[in-house]
Number of protein chains: 2
Amino acid sequence: MLTRYNHSTRILIALDCIVFGFDGEELKLLLIKRDFEPERGKWSLMGGFLNEDEDLEVAANRILYDLTGLKDIYFEEIKTFGEINRDPVERTVSVCFFALINIHAHSQDAAKAQNAFWISLKDRPDLIFDHSNMVDLALERLRYRAALHPIGFELLPEKFTIPQLQKLYEAIYDTPLDRRNFSRKILSTKLLIDTGEKNENSATKKAILYKLDQEKYQKQFNAFHYFVSDFKV
Amino acid sequence: MLTRYNHSTRILIALDCIVFGFDGEELKLLLIKRDFEPERGKWSLMGGFLNEDEDLEVAANRILYDLTGLKDIYFEEIKTFGEINRDPVERTVSVCFFALINIHAHSQDAAKAQNAFWISLKDRPDLIFDHSNMVDLALERLRYRAALHPIGFELLPEKFTIPQLQKLYEAIYDTPLDRRNFSRKILSTKLLIDTGEKNENSATKKAILYKLDQEKYQKQFNAFHYFVSDFKV
DNA sequence: TTAAAATTGTGTCATAATAACACGTTTTGA
DNA sequence: TCAAAACGTGTTATTATGACACAATTTTAA
């Protein structure tokens with residue numbers, strides 16, 4: 001009986017995560033200002049290595065927890081990056097994923113401990129290694145998925161208004177949307193529950209606060225469509 | 001300057017591939033009857049290990065070439081499987097992908113050398129490790145992608161008829177489709193070019209043979225939609 | 001030689017979804 | 001109290017979709 005495979009190379013496995021947030025106006029990334037080697041002082045994605053005694057999915061959750069203090073974050077694997085020289089220190093294969101969080105609900109202490117900062121997508125700096133490619137792919141995938149599934153809600157607080165939701169979609173697709181058609185389309189999904197409350201922060205007419213119908217969200221995850229001109233990708 | 005990462009575990013990286021084919025009636029898988037250890041005599045996916053001096057994508061192409069004798073096969077990464085005990089021999093992380101090929105265009109010698117056989121999806125045997133989960137996920141992903149992008153053509157010969165294309169979609173989604181609406185929808189994409197030839201194999205009215213407009217295929221890859229009841233997933 | 005059977009190509013129609021656009025309401029503050 | 005800004009809902013024309021009918025082609029058998 002075999003106990004190991006012979007003639008094969010063991011390689012470091014990393015995980016790198018694109019964390020998206022939304023501040024009400026712009027889509028943002030939670031990036032790390034590195035105060036450790038290699039590439040100290042440069043910007044990178046949050047990442048880590050897969051441990052010997054750890055499932056890949058568990059490792060992803062660990063890395064997200066260390067960054068945000070949150071558990072059960074919504075995330076999707078995007079792609080595994082495996083070019084020979086993508087990491088100049090040592091051959092490393094990286095499993096890349098994106099996560100969506102409520103920008104106001106994570107731990108400031110955790111972010112500080114990782115030296116993490118929210119950066120607008122439009123202002124994003126160069127990132128180390130192939131991390132900029134990862135962000136490009138993550139944004140593309142976010143647009144793809146958000147057009148087909150109601151994952152945008154993961155970026156909003158529990159209670160939100162339709163105009164806030166529209167601003168989110170406009171940020172994701174970097175395009176203006178018609179207020180009236182957007183409202184009709186979103187309401188037709190029956191995913192929103194009127195909380196009876198209104199947005200008291202508004203300086204003009206206060207918009208209705210809705211929350212997500214969690215049961216329908218699960219059921220209709222695959223039935224939701226919000227095409228924005230064939231994804232604009 | 002660092003030359004290696006310390007305190008991290010190096011792990012075997014495998015690649016496993018689900019190869020789909022279409023015989024005109026049914027969707028099929030190219031599976032390996034293992035004549036090597038571990039799990040000799042059982043069925044598995046085609047796979048292999050990532051080499052030290054090899055890009056991940058190059059490795060995928062190598063594995064597909066060894067199995068089919070073909071280069072430039074259409075394939076998509078699905079997911080990286082990384083549970084601790086998924087391979088009982090040794091901790092192995094597997095990058096899983098699916099490939100689409102013309103069932104009649106690959107090398108019989110290559111298949112014979114790998115002990116590979118076409119098996120109908122409906123008759124598929126139990127597979128080793130987590131390979132059955134991989135096939136489940138691959139089928140789901142194929143349905144998802146084929147509803148949004150014209151990848152089904154990768155499973156057909158260069159020249160094909162609309163009824164053949166319809167049978168392919170019916171096999172992918174395991175559901176009957178209306179002949180007239182299907183034809184209208186496919187022709188409206190303008191992706192098909194009438195070759196002027198007809199299918200001489202038919203015992204009744206000979207259908208028009210079309211070929212794919214390669215230029216439009218590239219351009220409209222993201223604009224093609226063929227929803228079948230919200231993917232039925 | 002012709003009629004039946006199988007299959008293909010094209011057309012119609014009612015309904016649903018979408019995009020473009022208008023109007024009235026609420027709220028604050030000048 | 002009235003103007004400005006933002007919100008909620010409605011209308012209409014166009015397009016897409018699903019359900020369905022009919023005529024044309026080809027082989028086979030009467």
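Note on naming: letters A, B, ... go to the chains in the order of the sequence lines (proteins, then strands), and numbering restarts at 1 for each one.
With rounding to whole Å, B/Tyr210 atom OH is found 12 Å from C/dT8 atom P. One can place CZ of B/Phe182 at 16 Å from C1' of C/dT10, the figure rounded to the nearest angstrom. Summarising the geometry, the separation between CD on A/Gln166 and P on D/dG8 is reported as 11 Å, rounded to the nearest angstrom. Here D/dG18 presents its C1' atom at 10 Å from OH of B/Tyr226, a figure rounded to the nearest Å. D/dG18 atom C1' lies 19 Å from atom NE2 of B/His225, rounded to whole Å. Here C/dT10 presents its P atom at 15 Å from CD1 of B/Ile186, a figure rounded to the nearest Å. Atom CG of A/Leu187 is separated from atom P of C/dA17 by 15 Å (rounded to the nearest Å). The CG atom of B/Leu165 sits 13 Å away from the P atom of C/dT8 (whole-angstrom rounding).
Defined by atom type and a distance below 3.5 Å, a donor-acceptor pair is present between the side-chain atoms of A/Ser94 and A/Asp16. A donor and an acceptor atom, one from each side chain of A/Thr175 and A/Glu170, are nowhere located under 3.5 Å apart.
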Atom pairs under 3.5 Å, N or O on each side, protein against nucleotides 24-26 of chain C: can you list them with distances?
unit_1	atom_1	unit_2	atom_2	d
C/dT25	O2	A/Lys205	NZ	3.3

Do any N or O atoms of the protein come closer than 3.5 Å to N or O atoms of nucleotides 10-17 of chain D, and which pairs are they?
unit_1	atom_1	unit_2	atom_2	d
D/dT17	OP1	B/Lys185	NZ	3.0

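Between A/Phe98 and A/Phe20, the ring planes lie perpendicular to each other; the angle is over 60°, past the 30° to 60° tilted range.
Shown here are the ring-ring contact (aromatic ring centres under 6.0 Å, His included) partners of B/Phe153, two or more places apart in sequence or in another chain: B/Phe160. Not counting sequence neighbours, the partners of B/Phe221 by the ring-ring contact (aromatic ring centres under 6.0 Å, His included) test are B/His149, B/Tyr217. In this view, A/Tyr226 and A/Tyr169, A/Phe182 satisfy the ring-ring contact (aromatic ring centres under 6.0 Å, His included) rule, not counting sequence neighbours. Residues meeting the side-chain hydrogen bond (donor to acceptor under 3.5 Å, both in side chains) test with A/Lys79, sequence neighbours left out: none.
In this structure, A/Ile162 reaches neither bases nor backbone, as no heavy-atom distance under 4.0 Å exists between it and the strands shown.
If you run side chain to side chain contact (heavy atoms under 4.5 Å, CB included) between B/Tyr210 and each of B/Leu156, B/Thr195, B/Ile162, B/Ile193, only B/Ile162 comes through.
Shortest non-hydrogen contact noted between A/Met134 and A/Leu45 is SD-CD1, 3.7 Å.
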